[in-house]
Protein chains: 2
Amino acid sequence: MRLSTKGRYGVRAMFDLAMHSQEGTITLKSVAQRENISEKYLEHLFANLKKAGLIHSVRGAQGGYRLARSPEEITLGDIIRVLEGPVSPTECVAGGIEAEKCERAQHCVMHLVWNNIREQINQVLDNYTLADICEEQRKLQNGGYMFYI
Amino acid sequence: MRLSTKGRYGVRAMFDLAMHSQEGTITLKSVAQRENISEKYLEHLFANLKKAGLIHSVRGAQGGYRLARSPEEITLGDIIRVLEGPVSPTECVAGGIEAEKCERAQHCVMHLVWNNIREQINQVLDNYTLADICEEQRKLQNGGYMFYI
DNA sequence: CTAATTCCTGCTATTTATCTAGGGATTTCA
DNA sequence: TGAAATCCCTAGATAAATAGCAGGAATTAG
């Protein structure tokens with residue numbers, strides 16, 4: 001139940017785009033440097049995020065990336081599902097091809113359990129937006145959270 | 001964000017123990033057969049569950065395993081944390097040695113994010129007990145859930 | 001004693017995660 | 001137009017984790 005670097009880097013990179021959204025298009029290179037992520041690796045992640053419609057890209061000199069929607073409209077669930085696949089404790093309730101194989105699903109109590117867990121975890125992730133993170137970052141810089149009052 | 005077989009088998013095996021708790025000690029072999037899990041693999045899992053105090057064992061002929069506490073007092077979180085380690089989206093908020101390495105935690109907004117996610121996911125897992133699963137199983141057998149009314 | 005059972009240690013094949021390599025395609029600016 | 005900057009694509013290399021196997025030692029009921 002650990003995120004891989006795909007999900008973690010992805011969220012950090014998207015947060016980075018959100019924080020610099022006023023500067024127009026952001027180069028992959030600058031995101032990679034600020035977030036200390038391998039450029040080549042980040043390329044793969046951005047390719048998936050673009051294909052999923054979460055970011056737009058501008059090619060050529062002075063090109064770069066930007067969020068496709070406002071930070072309020074992008075959740076951690078959106079990002080993580082794109083980069084890590086469906087968030088689900090098991091294959092059998094992930095909704096893919098594997099799920100079809102589980103013929104006993106209708107009579108299997110574990111199916112109910114995992115499905116319940118799946119729904120709740122997705123709800124948690126979908127309730128957290130990039131805007132929320134930006135807000136927390138703002139508070140941090142103001143010292144609000146600094147001393148864990 | 002997928003459970004490995006450790007966690008899944010572990011939950012199923014513990015549920016199996018709960019369902020047969022009236023029969024005294026349950027042999028590993030019978031659990032493995034009913035749940036279709038490799039005996040040798042299940043040995044490792046039971047060793048960990050025992051070390052963690054979730055089950056008791058009786059050695060020798062007629063021996064076997066039984067739950068150390070009542071099904072109401074054992075949560076999915078208990079089981080999964082034993083077999084898969086701390087449930088946490090990242091190392092840096094998992095509470096282990098790795099967490100110490102993250103010196104910037106106090107000033108890092110991602111730390112807040114992951115910690116928030118971690119707490120909520122654990123809350124979901126800790127709110128689900130073996131007794132809950134037994135109850136769902138009972139309803140299934142009565143046909144209550146059978147047709148997804 | 002003997003059969004059944006847990007307990008312990010180590011090994012290994014397979015898969016997955018993470019990152020690297022290298023080049024190609026596209027666009028902008030001078 | 002041409003060069004620089006950037007996105008785009010495919011393949012593979014390395015390391016770690018997963019999932020399971022093997023063999024036997026220790027324990028106990030009958």
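Here is how names work: the chains are called A, B, and so on, in the same order as the sequence lines, proteins then strands, and each is numbered from 1. Below, all heavy atoms of this structure are taken into account, side chains as well, without hydrogens, waters or symmetry copies.
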Which residues pass the side chain to side chain contact (heavy atoms under 4.5 Å, CB included) test with [X], not counting sequence neighbours?
X	answer
A:Glu72	A:Ser70, A:Ala131
B:Asp126	B:Thr75, B:Arg81, B:Asn122
A:Asp132	A:Tyr128, A:Thr129
A:Gln123	none

Item to check | ring-ring contact (aromatic ring centres under 6.0 Å, His included): pairs with one or both residues in residues 68-92 of chain B, sequence neighbours excluded | outcome: none
Next on the checklist: Once side chain to side chain donor-acceptor pair (under 3.5 Å) is applied, do any residues pair with B:Ser21, and if so which ones, sequence neighbours excluded?
Outcome noted: none
Checklist entry - Contacts to DNA chain C from residues 38-51 of chain B, heavy-atom cutoff under 4.0 Å, which residues? => result B:Glu43, B:His44, B:Lys50
Checklist entry - Any donor-acceptor pair under 3.5 Å linking the side chain of A:Glu84 with the backbone of A:Leu3? => result no
Roughly how many Å is it from [atom1] in [X] to [atom2] in [N], rounded to a whole number?
X	N	atom1	atom2	result
A:His56	D:dC7	NE2	P	15 Å
B:Leu28	D:dG20	CG	P	14 Å
A:Lys29	D:dA4	NZ	P	14 Å

Next on the checklist: Strictly by salt bridge (Lys or Arg N to Asp or Glu O under 4.0 Å), give each pair with a member in residues 25-40 of chain B just once, sequence neighbours left out.
Outcome noted: B:Arg12-B:Glu35, B:Asp16-B:Arg34, B:Lys40-B:Glu43
Show the distances under 3.5 angstrom between N or O atoms of the protein and N or O atoms of nucleotides 25-27 of chain D.
from	atom 1	to	atom 2	distance (Å)
D:dA26	N3	B:Arg59	NH2	3.3

Which atom pairs, donor and acceptor, lie under 3.5 Å between side-chain atoms of residues 54-67 of chain A and protein residues at least two apart or in another chain?
from	atom 1	to	atom 2	distance (Å)
A:Ser57	OG	A:Lys50	NZ	3.2

Item to check | N or O in side chain of B:Tyr9 less than 4.0 angstrom from D:dA19 OP1/OP2 | outcome: no
Item to check | First and last nucleotide of DNA chain C, 5' to 3', lying under 4.0 Å from heavy atoms of chain B | outcome: C:dA4 to C:dG10
Item to check | Set of salt bridge (Lys or Arg N to Asp or Glu O under 4.0 Å) partners for A:Glu135, sequence neighbours left out | outcome: A:Arg138
